[in-house]
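Contents: one structure, followed by commentary.
Start at 1 with the first residue, then count along the sequence. No hydrogens, no waters, no symmetry mates; every other heavy atom, side chains included, goes into these values.
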Amino acid sequence: MNILRILDKLSNDKFFTGEASRLQTLTSIADFGKKAAVASVPLGLGVLMSTPAHAETTSATSSAALKTPLTDALQLALTLEYLEDEYYRIGLATAGLIPTADRTVFSQISKHETAHVAFLKSALTSLGTAPANKPTFDFTAGGNFTPFTDYQQFLTLAQAFEDTGVRAYKGQAGNVMSNKDVLTAALQIHSVEARHASQVRRMRANKGWIELANGGNMPAATNPVYAGEGVTVQAGFNTATAFGAEAGSAAYDEVLSGSDAAAIAGLFIA
């Protein structure tokens, strides 16, 4: 199954309903990610999607340098930051889309994403690896979203992108630990992305945190962003027993694997 077939399935249904058939289709992203996402994301992420976080080297090479889990993690982060950066740029440039009261928020978020892109490109260059080119994005996901004519959909995708970024940065922690400077910067970006996510969630009248894998008034298509967030046992400690399932799950944010993050991003890459 490839990404085009999945988008074909989406186009045959009403996108924002929670029908089981669509849910099953989209939550299978992790299953097909290692096959389809390789063709949907920039060169270099294929190795990352099949490489465990503790691995130290890969056999794949690029024209610039030997690729490593560190550089592949940075390429994945760069793709996600490219996506967010361009999304907010288009949103801010679209007349009448973002209400005046909210423009200050998205203007600041946009500046942050631009800064993240600049850092990641610089970090990759300093490691002797050419940064991936910015993909061509399709924020309609094949005509299923209209985020630049419908502000509520703009907010919905903004939340999905920010929540994806927060989990994805955590998921790559093991791959960047070999470089303390990069690890420090990645942790700093991660906390900023978490603040973005919380802010956008509250702008949609949601809680600033995620409870039991419930994104909060989100379409079923975004379920892969929140899959696995219902975990309530941490290092053998049952947080649900101690605090209740909702509070227990919300107290610990879960990671998102490289393959899942790349597949989610791939849905918006033309």
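Side-chain contact between His116 and Val192: present, with at least one pair of heavy atoms (C-beta onward) separated by less than 4.5 Å. Between Thr125 and Pro131, some side-chain heavy-atom pair lies under the 4.5 Å cut-off. Side-chain contact between Glu246 and Trp209: absent, with no pair of heavy atoms (C-beta onward) separated by less than 4.5 Å. Annotation: side chain of Pro99 is in contact with side chain of Tyr151 (closest heavy-atom distance under 4.5 Å). Counting heavy atoms from C-beta outward, Thr164 and Thr222 have side chains that stay 4.5 Å or more apart. Using a 4.5 Å heavy-atom cutoff, the side chains of Thr232 and Thr239 are in contact.
For Gln199, the side chain to side chain contact (heavy atoms under 4.5 Å, CB included) test picks out Val105, Met203, with sequence neighbours left out. Listed by chain and number, the residues in a side chain to side chain contact (heavy atoms under 4.5 Å, CB included) with Val255 are Lys170 (sequence neighbours excluded). By the ring pair (Phe, Tyr, Trp, His ring centres under 6.0 Å) test, Tyr88 is found to be paired with Phe106, residues two or more places apart in sequence or in another chain being considered. Here Lys207 pairs with Glu211 under the salt bridge (Lys or Arg N to Asp or Glu O under 4.0 Å) rule; sequence neighbours left out. Every residue two or more places apart in sequence or in another chain that forms a ring pair (Phe, Tyr, Trp, His ring centres under 6.0 Å) with His196 is listed here: His112. When the side chain to side chain donor-acceptor pair (under 3.5 Å) test is applied to Tyr169, the partners found at least two apart in sequence or on another chain are Glu81. Legend: residues meeting side chain to side chain contact (heavy atoms under 4.5 Å, CB included) with Arg204, ordered by chain and number and at least two apart, are Leu155, Thr156, Gln159, Asn206, Asn217, Met218. For Phe268, the ring pair (Phe, Tyr, Trp, His ring centres under 6.0 Å) partners are Phe161, not counting sequence neighbours. Legend: residues meeting side chain to side chain donor-acceptor pair (under 3.5 Å) with Thr114, ordered by chain and number and at least two apart, are Asp85, Arg89. Scanning for side chain to side chain contact (heavy atoms under 4.5 Å, CB included) contacts around Thr184 gives Gln188, with sequence neighbours left out.
Distance check, rounded to the nearest 0.5 Å: CE of Met177 to CG of Leu183 gives 6.5 Å. Considering CZ of Phe137 and OH of Tyr87, their distance stands at 13.0 Å, rounded to 0.5 Å. Residue Leu127 holds its CG atom at 6.0 Å from CG of Asn179, rounded to the nearest 0.5 Å. Distance check: Leu212 CG to Ile210 CD1 gives 11.0 Å after rounding to the nearest 0.5 Å. Taken from CG in Leu120 to CG in Leu74, the straight-line distance is 6.0 Å, to the nearest 0.5 Å. Within the model, atoms CG of Asp163 and CG of Leu256 stand 10.5 Å from one another, a figure rounded to the nearest 0.5 Å.
Checking side-chain atoms of Thr68 against main-chain N and O of Thr71 turns up a donor-acceptor pair under 3.5 Å.
Of all heavy-atom pairs between Tyr226 and Ala160, the closest is OH-CA, 4.2 Å. Contact record, Phe145 with Pro147: C-CD, 3.4 Å, taken as the closest heavy-atom pair. Scanning both residues, Leu76 and Gly258, for their nearest heavy atoms gives CD2-CA, 3.9 Å. Residues Gly208 and Ser198 approach most closely at CA-OG, 3.5 Å, considering heavy atoms. Considering every non-hydrogen atom in both Val176 and Ala73, the closest pair reads CG1-CB, 3.9 Å. Closest non-hydrogen pair, Tyr252 versus Glu229, comes out as O-OE1, 4.1 Å.
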- Step-by-step salt bridge (Lys or Arg N to Asp or Glu O under 4.0 Å) determination, Glu254 to Arg167: CA-CA 6 Å; Glu254 301 300 321; Arg167 296 185 68 190; over 6 Å; no
- Begin from the C-alpha positions of Leu78 and Leu124 and carry the test side chain to side chain contact (heavy atoms under 4.5 Å, CB included) through to its verdict. CA-CA 9 Å; Leu78 179 58; Leu124 282 160; 4.0 Å; yes
- Query: For Arg201 and Glu162, what are the C-alpha separation, side-chain angles and deciding distance, and is it a side chain to side chain contact (heavy atoms under 4.5 Å, CB included)?
  - Reply: CA-CA 9 Å; Arg201 291 176 63 82; Glu162 296 295 347; over 6 Å; no
- Message: Walk me through whether Leu92 and Ile98 qualify under side chain to side chain contact (heavy atoms under 4.5 Å, CB included).
- Response: CA-CA 7 Å; Leu92 288 164; Ile98 301 175; 3.8 Å; yes
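Residue pairs that meet the salt bridge (Lys or Arg N to Asp or Glu O under 4.0 Å) test with at least one member in residues 102-116, sequence neighbours left out, do not exist here.
Side-chain N/O atoms of Gln75 and Asp72 include no donor and acceptor closer than 3.5 Å.
Hydrophobic clustering, defined by side-chain heavy atoms of Ile, Leu, Val, Met, Phe, Trp and Tyr closer than 4.5 Å, leaves Val233 isolated from every other such residue.
More than 12 non-hydrogen atoms from other residues, nucleotides or ligands lie less than 6.0 angstrom from CZ of Phe237.
Ile264 and Val166 are not part of a single hydrophobic cluster, where members link through side-chain heavy atoms under 4.5 Å apart.
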